[in-house]
K.L.:
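Here it is: the structure, laid out below.
Just so it is clear, the model here is predicted, and its values are computed rather than measured. Both backbone and side-chain heavy atoms feed into the values below; hydrogens, waters and symmetry mates do not. When a ligand or atom number is given, it counts from 1 through the structure's own listing order.
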Amino acid sequence: MVFDLNIKQYFSPNCGPRKHGSPPDMIVLHYTAMENVMSAIERLCDPKFEVSAHYIISKEGKITQMVDESLRSWHAGKGTWGQVRDINSHSIGIELDYCPSINDELDFDYLQLQALEVLLFDILNRRPEIIAKNIIGHSDMSPGRKFDPGRRFPWQTFAKKGLGVWPHNIESKAPDWDIFKHAAKIFGYCPPNNDEDGWNAVLYAFRLRFLPDQEGELSMSDMGVIISLANNWPTHL
Ligand SMILES: [Zn+2]
C-alpha cells in the first residue's frame with residue numbers, strides 16, 4: 001500500500017512490562033475526548049496522569065507512538081473481554097483524536113480513519129496472534145464506564161476489510177434476556193456487575209458498536225445480532 005506510516009515518536013513514561021510476557025493479542029480503540037491532539041499527547045505522556053496509549057492518530061492522519069508495543073501501556077483500565085482481565089498486558093491501545101459532539105453527529109475525519117486502517121494492517125501483518133475479533137472498542141471491555149470510540153466509529157467498514165467483525169446471517173428471535181446474556185458472554189462481553197444495571201450497560205455498549213440507532217427495551221434486532229456474533233466468533237473458553 002502506498003502510504004508512508006511516518007510514525008513520530010513521543011515517549012510516555014506511563015508503561016511497564018507486560019505481565020505473563022506473552023505478545024499482545026488484542027487491539028483496543030479509543031477516542032481522546034480532548035480539545036486537540038497536542039493536549040492529548042501531553043496528558044498521555046505526563047507521569048501525573050498515569051495514562052498512556054501505544055499510538056495516537058491526529059485528525060490529519062499523523063501517527064505518534066508513545067509506548068513501544070513490547071511494553072504494557074496504561075490505556076484500558078478496569079475491564080474484561082472474554083477471559084482476559086488484564087487487558088493492558090494483552091493489548092495494543094490506539095487513541096483517536098476525536099471529541100464527540102453532544103448530539104453525536106460528528107464523523108471521524110477521513111485521513112484519520114485511513115491512517116488507522118494502515119496502522120492496523122501493519123500491526124496485524126507483524127502480529128498473527130491478533131485476530132480480527134479481538135479488535136475491540138474501549139466500551140466493549142468496560143461497559144457502563146467507557147463509551148469510546150463511540151457510536152460514530154465505522155465498525156462495519158473496518159470489519160469488511162478484516163479489521164474487526166460484523167454480524168451476518170441475522171435471524172429474528174424474540175427478546176429473551178437469558179439468551180441475550182448467554183450469547184453476549186460467549187462473544188466476549190462481561191457486565192461490570194451481574195445485575196440489571198450491569199446487563200443494561202452491556203446492552204448499551206453492544207448497541208454503540210453494532211446497532212447505534214437502537215433504543216429502549218431489548219429487541220428482536222438485538223437478539224439477532226448478538227446470536228450471530230456468538231455463533232460466528234465464540235470466545236475460546
Ligand atoms: Zn478509552
Side-chain angles (χ1 to χ4, degrees), residues 10 12-16 18 24-59 61-67 69 71-82 84-102 104 106-109 112-113 115-117 119-120 123 130 133-155 158 163-165 188-192 198 201-210 212:
Y10 198 111
S12 172
N14 301 332
C15 59
R18 289 185 185 274
D25 55 7
M26 302 172 61
I27 293 174
V28 181
L29 302 181
H30 303 262
Y31 60 50
T32 58
M34 288 186 71
E35 219 173 293
N36 60 57
V37 71
M38 208 49 232
S39 37
I41 290 174
E42 275 165 20
R43 188 187 177 97
L44 294 165
C45 294
D46 185 336
K48 273 206 307 287
F49 290 102
E50 301 187 337
V51 290
S52 64
H54 291 92
Y55 298 98
I56 183 167
I57 307 178
S58 77
K59 292 186 175 66
K62 294 214 170 65
I63 304 171
T64 302
Q65 181 167 24
M66 296 168 289
V67 175
E69 285 180 15
L71 295 171
R72 181 177 179 274
S73 148
W74 305 341
H75 62 94
K78 198 171 175 314
T80 304
W81 182 250
V84 179
R85 287 175 179 275
D86 181 358
I87 308 272
N88 282 337
S89 279
H90 275 264
S91 64
I92 292 172
I94 302 175
E95 290 276 358
L96 300 169
D97 172 33
Y98 173 91
C99 195
S101 57
I102 288 170
D104 263 332
L106 183 65
D107 279 324
F108 284 84
D109 282 73
Q112 183 176 48
L113 294 177
L116 174 63
E117 182 185 322
L119 178 62
L120 289 175
I123 295 171
I130 303 175
K133 184 244 169 99
N134 286 342
I135 300 176
I136 64 167
H138 202 186
S139 51
D140 292 317
M141 52 143 288
S142 208
R145 188 175 75 86
K146 293 292 172 181
F147 305 96
D148 53 322
R151 72 176 76 245
R152 303 299 296 186
F153 185 79
W155 286 106
F158 275 74
L163 303 170
V165 296
Y189 285 107
C190 180
V202 169
L203 177 63
Y204 189 87
F206 152 80
R207 285 175 172 173
L208 265 184
R209 178 164 162 193
F210 295 105

K.L.:
Report the atom name of the nearest N/O/S atom of His138 relative to the Zn ion (ligand 1).
P.N.:
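Nearest N/O/S atom of His138: ND1.
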K.L.:
Backbone or side chain, does Asp148 get an N/O/S atom under 2.8 Å to the Zn ion (ligand 1)?
P.N.:
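Checking the Zn ion (ligand 1) against Asp148, an N, O or S atom does fall under 2.8 Å.
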K.L.:
Among the N/O/S atoms of His30, select the one at the shortest distance from the Zn ion (ligand 1) and name it.
P.N.:
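Atom name of the closest N, O or S in His30: ND1.
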K.L.:
Nearest 0.5 Å, please: how far is OG in Ser39 from CG in Asp97?
P.N.:
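Between Asp97 CG and Ser39 OG, I get 8.0 Å after rounding to 0.5 Å.
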K.L.:
Is it true that Phe158 and Phe153 have ring centroids separated by less than 6.0 Å?
P.N.:
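Between Phe158 and Phe153, the centre distance is under 6.0 Å.
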K.L.:
Apply side chain to side chain contact (heavy atoms under 4.5 Å, CB included) to residues Tyr98 and Leu106 and explain how you reach the verdict.
P.N.:
CA-CA 9 Å; Tyr98 173 91; Leu106 183 65; 3.8 Å; yes
K.L.:
Can you establish whether the number of heavy atoms outside Arg85 located under 6.0 Å from its atom CZ is more than 12?
P.N.:
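Atom CZ in Arg85 is not packed in, count stays at 12 or less.
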